[in-house]
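Each chain gets a letter, A, B and so on, in the order its sequence line appears, and its residues count up from 1. Values below: every heavy atom of this structure, side chains too, minus hydrogens, waters and symmetry copies.
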Amino acid sequence: MKNLLNGYSRKAGLAPGTIVHIGDRKTERPKITLINYDQDSFEEKVAERIEDCFEQDRKGVTWINVDGIHQIDIIEKLGKHLELHPLVMEDILHTDQRPKIEDYESYIYLVLKMLRYDDIDNDIKAEQVSLVLGRDFVVSFQEVEGDTFNAVRKRLRTSKGRIRSMDASYLAYALMDSIVDNYFVVLERVSEIIETLEDELIQNPVSETLEDIHDLKKEIIYFRKSVWPLREVISGLERTGPPLIADTTQIYLKDIYDHTIRVAESIETYRDIITGVMDLYLSSISNKMNEVMKTLTIIATIFIPLTFVAGVYGMNFEYMPELEWKWGYPAVWIIMIMVSAAMVMYFRNKKWL
Amino acid sequence: MKNLLNGYSRKAGLAPGTIVHIGDRKTERPKITLINYDQDSFEEKVAERIEDCFEQDRKGVTWINVDGIHQIDIIEKLGKHLELHPLVMEDILHTDQRPKIEDYESYIYLVLKMLRYDDIDNDIKAEQVSLVLGRDFVVSFQEVEGDTFNAVRKRLRTSKGRIRSMDASYLAYALMDSIVDNYFVVLERVSEIIETLEDELIQNPVSETLEDIHDLKKEIIYFRKSVWPLREVISGLERTGPPLIADTTQIYLKDIYDHTIRVAESIETYRDIITGVMDLYLSSISNKMNEVMKTLTIIATIFIPLTFVAGVYGMNFEYMPELEWKWGYPAVWIIMIMVSAAMVMYFRNKKWL
Amino acid sequence: MKNLLNGYSRKAGLAPGTIVHIGDRKTERPKITLINYDQDSFEEKVAERIEDCFEQDRKGVTWINVDGIHQIDIIEKLGKHLELHPLVMEDILHTDQRPKIEDYESYIYLVLKMLRYDDIDNDIKAEQVSLVLGRDFVVSFQEVEGDTFNAVRKRLRTSKGRIRSMDASYLAYALMDSIVDNYFVVLERVSEIIETLEDELIQNPVSETLEDIHDLKKEIIYFRKSVWPLREVISGLERTGPPLIADTTQIYLKDIYDHTIRVAESIETYRDIITGVMDLYLSSISNKMNEVMKTLTIIATIFIPLTFVAGVYGMNFEYMPELEWKWGYPAVWIIMIMVSAAMVMYFRNKKWL
Amino acid sequence: MKNLLNGYSRKAGLAPGTIVHIGDRKTERPKITLINYDQDSFEEKVAERIEDCFEQDRKGVTWINVDGIHQIDIIEKLGKHLELHPLVMEDILHTDQRPKIEDYESYIYLVLKMLRYDDIDNDIKAEQVSLVLGRDFVVSFQEVEGDTFNAVRKRLRTSKGRIRSMDASYLAYALMDSIVDNYFVVLERVSEIIETLEDELIQNPVSETLEDIHDLKKEIIYFRKSVWPLREVISGLERTGPPLIADTTQIYLKDIYDHTIRVAESIETYRDIITGVMDLYLSSISNKMNEVMKTLTIIATIFIPLTFVAGVYGMNFEYMPELEWKWGYPAVWIIMIMVSAAMVMYFRNKKWL
Amino acid sequence: MKNLLNGYSRKAGLAPGTIVHIGDRKTERPKITLINYDQDSFEEKVAERIEDCFEQDRKGVTWINVDGIHQIDIIEKLGKHLELHPLVMEDILHTDQRPKIEDYESYIYLVLKMLRYDDIDNDIKAEQVSLVLGRDFVVSFQEVEGDTFNAVRKRLRTSKGRIRSMDASYLAYALMDSIVDNYFVVLERVSEIIETLEDELIQNPVSETLEDIHDLKKEIIYFRKSVWPLREVISGLERTGPPLIADTTQIYLKDIYDHTIRVAESIETYRDIITGVMDLYLSSISNKMNEVMKTLTIIATIFIPLTFVAGVYGMNFEYMPELEWKWGYPAVWIIMIMVSAAMVMYFRNKKWL
């Protein structure tokens, strides 16, 4: 639940645009990577200081990737260099934004959520990724160093695909695409968990299963919250059109939009299914209770009358003629057997046995 | 559940537009059929190699049907010949697209789902059908060889109906129509299954019925997911208008749109009904439990007091005057009969008997 | 359920526009009635053959009513005479269309559902009514001869109201109005059934009630499906405007639209109420179970301890001092009475008694 | 339920625009009040005959209020005088219209519902109010004489507020405002009933409470149905703009719109809360059942084993060594006490005690 | 519940625009604070009388804050001075408005809800804040003196951030921002309560928990009602555009809009989660009942047959051969042990043990 509100309340009372990092503080030093490329050249370096990225005479597309955003001065210097609006800088640092797109004419600011299913805590971990897309540059901010963008880096290095021949908006698309593709990995994990739960339910439902279902439901709600606004983000990006988004990139945005819809739809489907699983659990509990009750009822209704009969002939009245009959005892047994047989037949008839 | 995510996660990290076949790999060799017709002529042949389809001097409408898409080179050659966008080629091969329409000006790319109820696995199998509609050609891609398009082929051969006198957009419509018409077959199967389930429930609900309901629910969710986006596809096609869609075809698209709405509505209706069936199941379980409890209660409340009475006169006190009375034993019997009669009347009164 | 899918699957594979009658085949010969009127004249005749309706020199408004659509040649001839689109003819014959409106410029094609509550089968029977509205004619197709249009006929004959002075679009409106007004009769029947069910539930819920509720729910779902699309049909008709719809008719369409909304809203309300009735049923079952359990618990918890006490003094130990006490037996009775009194007080306290 | 369908079915078959009064027939003679005012003058009289209201030479705003609409000739004469459309006259008389607005250019026709919570029948009574707003007159039709408009009358008489200086549209607004303000009184009554129900539930839920909840739910559904369409009515009125609605009145319509939204939202809230109350009821029933079962289980599981032990030593075998032991009887007691103590500890451990 | 309807019904019958204070009457004297600032100067004073605020020769932005609105004459004088519409003055005093925005061209009137979680009453307290934004002034009305605006005051005094260099619309934004930021504090409190409830449920669900859930649900419904309309308010403010809203402020409004969406989404999420918690409660009750029943069933089904056996050999028939057997008694014990062992194995098999 904590990730739903991440420190917003801590910020109440501060001036808007105040640059404060809100989020888990990671201790490692931020890592700044600079990649500059065009169709023919490719240059990659790790910047010691953020100022190293500010040389003006570069051609082609520049991609500055910042892993770790807790060192405010780096963001501030970069923000001033790129003339970012104070609210953008605030949002980059405040790591629990809703996915959104903001068009500041000279650049576009994008917030996305990078998701990961944590098998140890059994929940979905989210990391905020901010992208600033300018005419010839993309700046990306990640909370920690991750490997999601590695595939893009590799394609740039090896010049595989069309990425090197495209402009900055295609790079931004490629980064978003790698984030969205990652959602499918999370989805698959969720799908597996649901299947495991279903199997458990059918085999042996225990009350822990219930809590697992409840937890999974909450994770799916959180997942949905991270993905749902993305649809607007991407269709907002599509609408932005020129000059920042190249025509050739537009068609790719449509593709990523389709993927987002697919993820959103699958989440809805899982919500429906998990509700069904809950129902299944509840009715399997009912079923078991029913069976328990039936067992009790059958045993009790057969033996209670018999016990009564036995009780009757255990009475100590002086004048009980049956007691002295020679065949009294066998007769009682016969009566008792007949009574139970009748009971059993009654239950058979009712399909309880 | 697997069909909800089909291999998307496997693709994470690949460059967009990478042509990889994702889906079940079928071992048969793809079969390429070429049909060329106009009002007067009709030519049909099975192409050995895809290049056989590339002759340029054909008149009329050309329909290339590819059954089996796992042989990437065929798709690649065809794609290059038709100048398809790399994303289109990726989507043709990646067999778990959402139904969609993409207008690339010189051609329209359509994805549909062909559905089939599999009576052995008791689920709905989906197959992706891609259609590429150009000015004078239609290319259709199916995952396996099927018989859904046979009716169209036959109408072309026999020149039955108006199909031979119409243009390529009408052919595309005819193919889509045969797919949508097929949904009704699946719907009917679903309808039968629901009726069977209802009958089972009323006659003898067992816990397996519950799992059947849950499975059917999931199938309907999946069905819905395949059909729902089709509405946008077809209305998107209607909007496209000239030049690719002939005016005469427009009116037929409206008809297919109506059918899609009907399918979608029926699916919604089945969702509602299946929810009702679930409720029916749960309350029939409650009902049965109630009856079980009543039986136990009636038997127990009648005999427990009687057993107590018998127990009292089974005590071994030396001074128990009743035991020595001559009519003690019959008196006890009379008391016991009266007590049970009172109980039975009480239950009658409460309508438990 | 059958009426949800009526033969669509039977048609899969046929060419679109193939004129096949799908629906229950009624054996009577179709009956064709021709009415021609203007403000001053009125002519009514039953046509032996459809050709009798094709005279060209009529003035005023012509209304051709066809009861029974299973004789395809009649529809075909009429269709050719009026130059109807093949899809329209297909839809007239295929009696499970969704209510819809199609504007073919020279005429408007309307599909409506005429509903009737069948008290014997306890379900809602639907009949498809097709209307073709041209500049100076209305053709109506009914599946069987019915009396819904009689009121319109009578108003035409007696020149009551403004119908004779209005044009064809007003006649079409009058026919639709009589169909929609009929929905209220069905609604009232549904309302009565719900009230009966509620009374049954409060007095004596049995498990048959549950099936009745489930059936009614399905009927309401089906009712809704027939009425819901009508809203679009009528607002579509309103939008069509001139030339086919006279300005004076427009205002009446608004009225019929209001009625449709009212029907649709009432159906929604009944859905809500029937859900409430279901809940009422379930909780009255729970309530009864609770009462059953209470009865059992009270009887058992009072007598089980007493039976134990009796059992103790029924033991045959040689050294049981109590057995030889003079007041042992009365003392046991006093103890037992006190125990039960305490129990009763405990239950009183808990408000179980 | 009756008020959901009020006589619509009775009208099926009549010509549209037929002037028939449908609704409860009240026996009192209709009362017609005529008020004429401008900033300086104010005239009020009770008209004996409707013709008394037809003098043409009045200045300022004229308000004709008709209490009781069952005398058709009055409505007919008034309708003819004001040149109302036959459908409007039909709607005035047919007292179960949906709230609506109809703009006939020279006048606007409004239907509203006046609501009242009837404490004797414990339901919401609705009365239809029709308003006809012309350039310089307002005609209002009520089913019975009521006091809702008294406040408006008083403000007119005493010239309190700005009403005397405004035009007819402001008068119409004032009448609507007094109706909408009245909804809050009904809402408050509903709120009180819900609170009473909640208190009852927490203290002592009985099955009558359930029926009360069900009835209240139906009342809220009906309330909602009366208020919901009002939003469209008022925003329709806002859109109408000049010439009939004065600019100065527009801003007041916004205010009444806000109130309507507030009522609609509160109704939704009550729906949510009443659903919650239902859940509360169901779970409090479950809770009570649970407690009942626990009591039974604790008593039974403690005494059943003890009774068994007593039963064992009540057996009449000749060779039962324990029976002859001197300390046999006390030993059995000790065993029995230990068994029950163990049981009690077990239940304590399980938190059942 | 009371806060849902706050005195609306009390007002029924009054003329619209009547200036009456509706809300809890607080006894303290209203406190009027006047702040006047521009980039270089800052002046703050507490006004004794409202007339002190009416000097005309001020430059820069003027902020008049009124804490306590129950003294009608103050509001009236201020309203006349600023030429506020009577409806605005009515709304300021009537403290249960829906959040809304009204554009009166020369000024904008805004209503917001300031929320606070009251830990003693365990509910959300709301206070109405009215803002009147003119070209160079902001007037804010609060029901009681609060500290929410202190942060804004401090920023003004210390000239921290950009607030002193901005215009009146930025000040209005800053005030709204401090209110919206405060919602996150309430959200966090709600989140904590839900977590506490979940923990309670898993450890030891008692029936009080149920009432807590029900109360929390109602609080969330109320919370939602206060926040939901805010979205329209702020987007309405964004649309207003020039002249009252400076371009530089627009971008900040977007930021506040994002926050509002986030709050609204979180509330929806909590609604979903609380529904899940309710389900969890109900099924944990079911689970416990199941366990109770199992215990009873196991004990009863083991001992009832044994007691029967003991009962049989407690009968006093004269001819019961077993009684005289030497090994009769041990044999009975063996039988009884075997029966119970069989029972235990049966339950093991069923996984009940």
Side-chain angles (χ1 to χ4, degrees), chain C residues 150-151 155 160-163 173-174 177-178 181-182 184-185 187-188 191 194-195 198 202 251-252 254-256 258-259 261-262 265-266 269 272-273 276-277 279-280 282-284 286-287 289-290 293-294 296-297 300-301 304-305 307-308 311-312 314-321 350-352, chain D residues 1-2 4-5 8-9 11-18 85-87 91 97-98 100 102 104 204 207 210-211 214 217-218 221-222 225 229 278 281-282 285-286 288-289 291-293 295-296 299-300 303-304 306-307 309-311 313-316 320 322-329 332 336:
Chain C
N150 282 356
R155 290 211 311 271
K160 201 175 146 192
R162 65 191 64 73
I163 191 162
Y173 152 72
D177 189 53
S178 65
D181 273 359
N182 224 36
F184 287 100
V185 182
L187 268 186
E188 199 153 271
S191 156
I194 291 179
E195 267 173 39
E198 280 182 324
I202 286 163
I251 212 154
Y252 288 95
K254 212 178 160 96
D255 190 60
I256 212 176
D258 280 351
H259 290 198
I261 295 280
R262 257 189 69 79
E265 274 186 356
S266 296
T269 304
D272 281 3
I273 290 177
V277 169
D279 286 354
L280 205 64
L282 288 175
S283 33
S284 81
S286 283
N287 262 330
M289 177 108 75
N290 213 2
M293 292 309 302
K294 260 192 212 162
L296 174 60
T297 302
T301 42
I304 285 179
T307 306
F308 163 67
V312 165
M315 292 195 294
N316 299 320
F317 284 99
E318 286 188 3
Y319 309 100
M320 285 179 69
K350 288 243 174 189
K351 307 223 173 186
W352 293 3
Chain D
M1 193 101 65
K2 203 167 286 162
L4 289 175
L5 283 173
Y8 255 89
S9 58
K11 222 198 65 176
L14 290 184
T18 308
H85 193 278
L87 280 176
D91 286 352
Q97 297 301 315
R98 234 177 137 248
K100 64 176 175 181
E102 281 172 3
Y104 289 83
N204 185 29
S207 62
L210 191 67
E211 284 165 40
H214 184 65
K217 225 172 175 174
K218 289 204 319 202
I221 288 171
Y222 179 60
K225 234 180 122 172
M278 191 75 183
Y281 174 82
L282 288 175
I285 289 288
S286 284
K288 279 173 71 180
M289 177 110 74
E291 213 187 339
V292 168
M293 292 309 303
T295 310
L296 174 61
I299 295 285
F303 283 100
I304 285 178
L306 302 188
T307 306
V309 171
Y313 296 105
M315 292 194 295
N316 299 320
M320 285 178 68
E322 298 98 320
L323 294 181
E324 284 142 45
W325 294 350
K326 184 131 204 222
W327 298 108
Y329 180 56
V332 161
M336 293 197 297

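- The nearest pair of heavy atoms linking C/Asp258 to D/Glu102 is OD2-OE2, 3.6 Å.
- There is no contact between D/Met320 and chain C, counting heavy-atom distances below 4.5 Å.
- Proximity to chain D (any heavy atom under 4.5 Å) is restricted, for C/Tyr173, to the side chain, taken from C-beta onward.
- Among all heavy-atom pairs drawn from D/Lys326 and C/Tyr319, the shortest one is CA-CD1, 3.5 Å.
- Heavy-atom distances place the side chain of D/Asp91, and not its backbone, under 4.5 Å from chain C.
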For this session: Would you check, one step at a time, whether the test side chain to side chain contact (heavy atoms under 4.5 Å, CB included) holds for C/Leu280 with D/Lys217?
Result: CA-CA 12 Å; C/Leu280 205 64; D/Lys217 225 172 175 174; over 6 Å; no
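- Put simply, NE2 on D/His214 and OG on C/Ser284 are 11.0 Å apart, with the number rounded to the nearest 0.5 Å.
- In this structure, the portions of C/Ile251 lying under 4.5 Å from any heavy atom of chain D include both its backbone and its side chain.
- For D/Leu282, the part lying under 4.5 angstrom from a heavy atom of chain C is the side chain only.
- Looking at D/Leu87, only its side chain comes within 4.5 Å of chain C, counting heavy atoms on both sides.
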Problem set entry | Working for side chain to side chain contact (heavy atoms under 4.5 Å, CB included), residues C/Asp255 and D/Lys100 | CA-CA 11 Å; C/Asp255 190 60; D/Lys100 64 176 175 181; 4.3 Å; yes
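- The minimum heavy-atom distance linking C/Val312 with D/Ala310 is given by the pair N-CB, 3.7 Å.
- In terms of heavy-atom pairs under 4.5 Å with chain C, the best-connected choice from D/Val292, D/Ile299, D/Thr307 is D/Val292.
- Here the closest non-hydrogen pair linking D/Met336 and C/Phe308 is SD-CE1, 3.5 Å.
- For D/Trp325, the part lying under 4.5 angstrom from a heavy atom of chain C is the backbone only.
- Within the 4.5 angstrom heavy-atom criterion, no atom of C/Asn150 approaches chain D.
- Taking NE2 of C/His259 as the start and CD of D/Gln97 as the end, the distance is 6.0 Å to the nearest 0.5 Å.
- The distance from atom CD1 of D/Ile285 to atom CG of C/Asn287, rounded to the nearest 0.5 Å, is 4.5 Å.
- For C/Glu265, the salt bridge (Lys or Arg N to Asp or Glu O under 4.0 Å) criterion is met by D/Arg98, not counting sequence neighbours.
- Here the closest non-hydrogen pair linking D/Met289 and C/Ser286 is CE-O, 4.0 Å.
- Applying the salt bridge (Lys or Arg N to Asp or Glu O under 4.0 Å) test to D/Lys288 and every residue at least two apart in sequence or in another chain returns nothing.
- Smallest separation of non-hydrogen atoms from C/Trp352 and D/Glu291: CH2-O, 3.9 Å.
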For this session: In sequence, state the C-alpha distance, the side-chain angles, and the governing distance for C/Met315 and D/Leu323, and then conclude on side chain to side chain contact (heavy atoms under 4.5 Å, CB included).
Result: CA-CA 9 Å; C/Met315 292 195 294; D/Leu323 294 181; 5.8 Å; no
